[in-house]
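Notes follow once the structure below has been shown.
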2 protein chains.
Amino acid sequence: MKSAKDILRRYLKSNGLLYSRQREQVLDIFLKTEKHSTINDLYELVRKKNTKIGLATVYRSMKVICDAGLARETDFGDGARRYEHKYKHQHHHHLVCIKCGRIVEIASPRLEQIQRQLAKKHDFTVSRDTMKMFGICRACKRKSK
Amino acid sequence: MKSAKDILRRYLKSNGLLYSRQREQVLDIFLKTEKHSTINDLYELVRKKNTKIGLATVYRSMKVICDAGLARETDFGDGARRYEHKYKHQHHHHLVCIKCGRIVEIASPRLEQIQRQLAKKHDFTVSRDTMKMFGICRACKRKSK
DNA sequence: CGAACAATTGACCATAATTATCAATCTCAT
DNA sequence: ATGAGATTGATAATTATGGTCAATTGTTCG
C-alpha cells in the first residue's frame with residue numbers, strides 16, 4: 001500500500017514537478033487535520049513548523065495535492081474553499097447545520113446508484129460530484145425549544 | 001394564481017420593507033432570464049432600463065427576491081454566485097459539463113426520497129439542498145474523439 | 001392630497017479570498 | 001557538484017461581495 005507521500009512524489013515526478021520541502025510540509029499538516037480545513041487554517045498550522053512559508057505556497061501546494069488525488073475541494077457556501085481527505089476515504093456527502101456549523105458526512109450506496117443512472121441517462125461521464133443538505137441538526141432543534 | 005410580483009409585494013409588506021422601482025426592475029429582468037445568471041449579468045441587463053442603478057442595489061434586490069422565495073442561489077464553483085428561478089419551477093439538481101459549461105437540470109423523485117431518508121436518519125430538518133455532478137457531456141465526448 | 005418617517009438607493013470604500021508577478025532560491029538528473 | 005528549470009516568498013492585483021451614509025423614495029395616515 002502506497003503512502004500519501006509516495007503518491008504525491010509519483011504524481012510530481014510524472015508531471016515534471018519537484019518534491020519541495022514546502023509541499024511535503026503542507027501535505028504532512030493536511031494529513032493530520034481531521035476535517036474541512038480552509039487554506040488559512042492550514043497556513044497557520046504549517047507556520048508553526050516553518051514560519052517563513054508564504055500563503056501563496058499553501059494555495060499552490062493544496063492545488064497540487066488535489067491534482068494528485070489526495071485531497072478534495074469542498075464548498076459550504078461560506079465564502080472559503082475547504083479541503084477534505086480523499087485518499088483512503090470513501091466518497092461521501094454532507095449534512096450541514098446552519099445553526100452550529102456541524103458537518104455530518106454521509107455515504108449512501110443507493111444514492112450513488114441513482115446518481116450513476118442519472119448520469120448514464122444523460123450520457124455524462126462524471127468526474128466529480130457533490131451533494132449537500134443544509135438544515136438544523138438535532139442538537140440545535142433541542143436547544144431552540 | 002399569484003404572480004411573482006404579487007409574491008414579492010406581499011413578502012415586502014409583511015416584513016416592513018418597501019416595493020421600490022429598483023426591486024421591481026431587478027425582478028422583471030430576473031424573470032426574463034433563462035438560467036443561472038450572475039449578479040453582474042443581471043446588473044448589465046438592468047442597466048439597459050435604468051442606467052443609474054447601482055451594483056449594490058442588484059445584490060440587495062436579489063437577496064430580497066431569494067428571501068421571498070422567488071429565486072435560489074446556486075454555486076457552480078466558478079467563483080460567482082448564480083441565481084435560478086424557484087417560483088413555479090420544480091426542485092432539481094444539475095449536471096455540469098466541465099468542457100463546454102452546459103448545464104442540464106435533472107429532477108428525480110427517487111433521489112429526493114433517499115435524501116429525505118438520509119436527513120431523517122440523522123435527525124436533520126433540511127431547508128436547502130443541492131446535488132451536482134461535474135463531467136463531460138455527450139457532445140463534448142464526441143468532439144474529442 | 002401632502003407631510004412625516006422609515007426604508008432604500010447610489011456612490012464609494014472596505015474586506016476577504018484568491019491569483020499573478022518576479023527575482024532569489026531550491027530540486028534533481030546527470 | 002552543477003546547471004536547467006521549477007518553486008518560493010513577498011507583494012501587488014484582482015474579483016466578488018458587503019458596509020457606510022447623505023440624499024432620495026415609498027407608504028401611511030391625517
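Side chains included, hydrogens not; waters and symmetry mates left out as well; all remaining heavy atoms used. From a predicted model like this one, the values you see are computed outputs, not experimental measurements. Below, chains carry the letters A, B, ... as their sequence lines are ordered, and counting in each starts from 1.
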Seminar exercise, completed: Overall bend of the helix from dC1(C)-dG30(D) to dT30(C)-dA1(D) (five pairs an end, 10° steps) is 40°
Would you tabulate the nitrogen or oxygen pairs shorter than 3.5 Å linking the protein to nucleotides 13-15 of chain C?
none

Between protein and nucleotides 20-23 of chain D, what N or O pairs are separated by less than 3.5 Å?
unit_1	atom_1	unit_2	atom_2	d
dT20(D)	O4	Arg60(B)	NH1	3.4

For this session: Using a 4.5 Å cut-off on heavy atoms from C-beta on, say whether the side chain of Lys35(A) contacts that of Glu105(A).
Result: yes
Problem set entry | Test item: Gln115(B) and Met131(A) side chains (from C-beta on) under 4.5 Å apart, heavy atoms | yes
Exercise. Quick one: Leu12(B) CG to dT25(D) C1', roughly how many Å, whole number?
Worked result: 14 Å
Problem set entry | Output field: ring centroids His93(A)/His91(A) closer than 6.0 Å | yes
Exercise. Under the side-chain hydrogen bond (donor to acceptor under 3.5 Å, both in side chains) test, which residues partner Arg110(B), sequence neighbours left out?
Worked result: Gln117(A)
Problem set entry | Thr57(A) or Arg81(B), whichever maps to the more 5' nucleotide of DNA chain D | Thr57(A)
Problem set entry | Under 4.0 angstrom between Tyr59(B) side-chain N/O and dG18(D) OP1 or OP2 | no
For this session: Would you mind reporting whether Asn40(A) and Leu55(A) have side-chain heavy atoms less than 4.5 Å apart?
Result: yes
Exercise. Are the side chain of Asp67(B) and the backbone of Val64(B) linked by a donor-acceptor contact shorter than 3.5 Å?
Worked result: no
Problem set entry | Interatomic distance where CZ belongs to Arg47(A) and C1' belongs to dT8(D) [whole Å] | 15 Å
Problem set entry | 4.5 Å side-chain heavy-atom contact, Leu118(A) and Leu95(B) | no
For this session: Please state whether the rings of Phe30(A) and His85(A) are parallel, tilted or perpendicular, taking 30° and 60° as the class boundaries.
Result: tilted
Give every pair of a protein N or O atom and an N or O atom of nucleotides 27-30 of chain C that lie under 3.5 Å apart, one pair per line with the distance.
unit_1	atom_1	unit_2	atom_2	d
dC28(C)	OP1	Tyr19(A)	N	3.3

For this session: Starting at atom NZ of Lys52(B), determine the distance to atom P of dT24(D), rounded to an integer number of angstrom.
Result: 12 Å
For this session: Quick one: list whatever passes salt bridge (Lys or Arg N to Asp or Glu O under 4.0 Å) with Glu24(B), sequence neighbours left out.
Result: Lys5(B)
Exercise. Out of curiosity, Arg47(A) CZ to Lys52(A) NZ, how far, rounded to the nearest 0.5 Å?
Worked result: 11.0 Å
Problem set entry | Close side-chain approach of Met133(A) and Ile106(A), heavy atoms under 4.5 Å | yes
Problem set entry | Interatomic distance where CD1 belongs to Ile53(A) and C1' belongs to dC26(C) [whole Å] | 14 Å
Exercise. Closest to the Asn50(A) side chain: dG9(D), dG10(C), dT19(C)?
Worked result: dG9(D)
Seminar exercise, completed: Here the distance between atom P of dA16(D) and atom CZ of Arg82(B), to the nearest Å, is 10 Å
Exercise. Side chain of Arg72(B), backbone of Arg128(B): donor and acceptor closer than 3.5 Å?
Worked result: no
For this session: In whole angstrom, give the distance that lies between atom CG of Asn15(B) and atom P of dA7(C).
Result: 12 Å
Problem set entry | SB check Arg10(A) Asp6(A) (cutoff 4.0 Å) | no
Problem set entry | Integer-rounded Å distance: dT27(D) P and Arg23(B) CZ | 10 Å
Exercise. Should Leu27(A) and Arg23(A) count as side-chain neighbours, where that means a heavy-atom distance under 4.5 Å?
Worked result: no
For this session: Return the value, rounded to whole Å, for the distance between atom CG of Asp78(B) and atom C1' of dT14(D).
Result: 16 Å
